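Small disclaimer: the values here were computed from a predicted structure and weren't measured. Residue numbers begin at 1 in each chain, while the letters A, B, ... track the order of the sequences.
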Protein chains: 2
Amino acid sequence: MTTEQTESRPVPTLEAVAARAGVSRATVSRVVNGSPKVTAEVVAAVTRAIADLNYVPNRAARSLASRRTQVIALVVPESTAKVFADPFFASIVQGVALSLADTEYTLNMVISSETNPDKTRRYLMGGNVDGALVVSHHSGDHSYQQLGASLPIVFGGRPVSDAAADSYFVDVDNIAGSAGAAAHLIERGRRNLALITGPQDMPAGLDRYTGWKRTLDEHGIDATLVEYGDFSPRSGMEAMRRLLARGRPIDGLFAGNDQMAAGAYSVIHEAGLSIPGDIAVVGFDDDTFGLTATPPMTTVHQPSIGLGEAMARVLVRRLAGEPVERVTLLPTELVVRQSS
Amino acid sequence: MTTEQTESRPVPTLEAVAARAGVSRATVSRVVNGSPKVTAEVVAAVTRAIADLNYVPNRAARSLASRRTQVIALVVPESTAKVFADPFFASIVQGVALSLADTEYTLNMVISSETNPDKTRRYLMGGNVDGALVVSHHSGDHSYQQLGASLPIVFGGRPVSDAAADSYFVDVDNIAGSAGAAAHLIERGRRNLALITGPQDMPAGLDRYTGWKRTLDEHGIDATLVEYGDFSPRSGMEAMRRLLARGRPIDGLFAGNDQMAAGAYSVIHEAGLSIPGDIAVVGFDDDTFGLTATPPMTTVHQPSIGLGEAMARVLVRRLAGEPVERVTLLPTELVVRQSS
DNA sequence: GTGAAAGCGCTAACAT
DNA sequence: ATGTTAGCGCTTTCAC
């Protein structure tokens, strides 16, 4: 029943370093924290002592005394965690983690259960973290919005409502991205264009529809061949079936993400149609679904790792007191492969 | 330059709760920690005070006083982080996070850079975490092995060398899984079997080869049609090309993971061969690559989320001082779809 | 530039 | 069953 005792080499304290270096604890603290007003000699002595003793500062003590935790929370709604398989999300985590690895901050992954959101809220508000990163996947759920008043928060994905205009967020420029996809299909000579878009209560779904619609309108092309999915491959299959069932000619398809496009692929193939011969297909995300599809998918690349990196960067700068823009929009890029 | 000041409602301390409830701080501490020896009335009073004040314990102070951090580190080698796109790994993180969400432990994601592994080592040894979870993807890199002597660690994936026999680890039963895949192809009447396996310096690659070889030998089937990949789709493509180039008949293929199998798919199709008509294909992992492939892939399902959960569970139990088996092998399951 | 001293908010003996 | 009393290891005024 006893907790494992595994301490081999006792962890030295700042006091031990001070003794060894022949200075006070205050001085060691200054050296550790890179204070400028310490003699070079003393710095050297302390540094040596630290190395000799293999000293590592105790975070808890440091945090307690300085009232800073050096911890950044990455909040992931449980529902998002459940679809963690989405490469887009995994990349964000990766970007955040890599970006934070270069800082003094530690990354705390928090799964906020939908059934008990207060647990997370309390944790965040309990002075346990210096700031938080909130990702809600393709949704713009800013239910943690209110916390923004008492804790620096940076959101991944723009908020659904504009009421949240005072929040900080990083997002991909979805409108420009889908507009580019539409323009590409048009350039390819396709005129009977169909769209499988995501839920219209999610910014990503909404914005990608907007960019598409806008571009088709500009070219005087009909934009009513639209079906909705939920970003999953299965929903893409179903949407494609509905699209074909309408009986109208289709020679170009844009899907709100690669997963849905991949789903559409199988239905198109089942129907005996070819890609891009009969239907040119463009996806969005540039994830592994598009890359491994047959034929390789033309898609709108979004910097998902960059998104995570940007979120972390923005938060760290906020925490450093530097001025930061509230909105950071990352550019997309059309990756032309063989499906269009 | 000043750090953001965002405190709205000052965070109450234990002392404030004690005052409000009319008891000592020690009693409040007991209630907070669920000590059994406190009168029901007092518990009620303190609980009320806590609710009224919206009190949240300060982790740093608690940790400093109790010498426990309530933090578990999830260590991810940078190289693994870079291939975060691998759904297998993302699932492990998910499993760990979900599993830990039900405990008092906090999850700390640590990216250990290969260039500066000491930073991670120091962090782990600095008394900043109560235990660590180390995943090295399909590799059995136990370079943190030594730390196991001074910090409770649970590894994901079995160690490469048996020298690490005293470490705790959780793994998938790769041998049984690949043996099942081989048996399945044989049952399907296939006799000209080929294998695309992973690197033989990684346990996952090694064990999956072992199970395959063993089964083929038992059936007196030639097991020399083997090529190696690195678990990436691209390497699967290349391996498949080499396999076909040998000019020997192939009617059954087993790949070390779905990603390589997906790569093989495209080469098989390019060659004008059909799946499973000409070549029956079985993958391993049961990730989205296999699910979205055309035709849907028969594959060996491995409980990747379960792996993460098991790792967390084993560590938490170790930390609780409960006896735990050093080796936890999770069963796999053959998922028969349309590629075989 | 450096040291002394006073906590940061909590837990854990020890008393009672 | 509850209160008293020391710290946990560090930062941070404030003197010197």
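- Partners of A21(A) under the side-chain contact (heavy atoms from CB on, under 4.5 Å) rule, at least two apart in sequence or in another chain, are V23(A), V46(A), A49(A).
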Exercise for review: Please lay out, stage by stage, how L107(A) and I111(B) fare under the test side chain to side chain contact (heavy atoms under 4.5 Å, CB included).
Suggested key: CA-CA 9 Å; L107(A) 210 205; I111(B) 299 280; over 6 Å; no
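- For T328(A), the side-chain contact (heavy atoms from CB on, under 4.5 Å) partners two or more places apart in sequence, or in a different chain, are V170(A), V314(A), E325(A), L330(A).
- Within the 4.0 angstrom heavy-atom criterion, only backbone atoms of the sugar-phosphate kind lie near V23(B); the bases stay farther away.
- Protein atom CD of E15(A) is 13 Å distant from nucleotide atom C1' of dA4(C), rounded to whole Å.
- Look at OH on Y55(B): it is 10 Å from P on dG9(C), rounded to the nearest Å.
- For V316(B), the side-chain contact (heavy atoms from CB on, under 4.5 Å) partners at least two apart in sequence or on another chain are I72(B), L100(B), T103(B), Y105(B).
- R59(B) has its CZ atom 17 Å from the C1' atom of dC8(C), to the nearest Å.
- Distance alone, capped at 3.5 Å, is enough to place a donor-acceptor pair between the D130(A) side chain and the T69(A) backbone.
- Overall bending of the helix from dG1(C)-dC16(D) to dT16(C)-dA1(D), expressed as the angle between end axes built from five pairs apiece, is 30° (10° steps).
- Between the side chain of K37(B) and the backbone N or O of R30(B), no donor-acceptor pair lies under 3.5 Å.
- Scanning residues 38-50 of chain B for heavy-atom distances under 4.0 Å to DNA chain D yields V38(B), T39(B), V42(B).
- Every residue two or more places apart in sequence or in another chain that forms a salt bridge (Lys or Arg N to Asp or Glu O under 4.0 Å) with R317(B) is listed here: E322(B).
- With sequence neighbours excluded, no residue satisfies side chain to side chain donor-acceptor pair (under 3.5 Å) with R25(A).
- The list of salt bridge (Lys or Arg N to Asp or Glu O under 4.0 Å) pairs with a residue in residues 88-112 of chain B, not counting sequence neighbours, is empty.
- Between S24(A) and dA4(C), a side-chain N or O to OP1/OP2 separation shorter than 4.0 Å is absent.
- A straight line from CG of N58(A) to P of dC10(C) spans 17 Å, rounded to a whole angstrom.
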Polar atom pairs (N or O), protein with nucleotides 12-15 of chain C, under 3.5 Å:
{"residue": "dA12(C)", "atom": "OP1", "partner": "R68(B)", "partner atom": "NH2", "Å": "3.4"}

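- Put simply, the side chain of L147(B) reaches to within 4.5 Å of the side chain of M125(B), judged on heavy atoms.
- Pairs passing the salt bridge (Lys or Arg N to Asp or Glu O under 4.0 Å) check and including a residue from residues 39-61 of chain B, sequence neighbours excluded, read R20(B)-D52(B), R48(B)-D52(B).
- For dT11(C), one of the phosphate oxygens OP1 or OP2 lies less than 4.0 angstrom from a side-chain nitrogen or oxygen of R62(B).
- Annotation: side chain of Y123(A) is in contact with side chain of V129(A) (closest heavy-atom distance under 4.5 Å).
- If you walk DNA chain D from 5' to 3' and mark each nucleotide with an atom closer than 4.0 Å to a heavy atom of chain B, the marks span dA1(D) to dG9(D).
- In terms of the side-chain contact (heavy atoms from CB on, under 4.5 Å) criterion, residue partners of T120(A) (sequence neighbours excluded) are, by chain and number, V75(A), V110(A), S112(A), L124(A), Y144(A).
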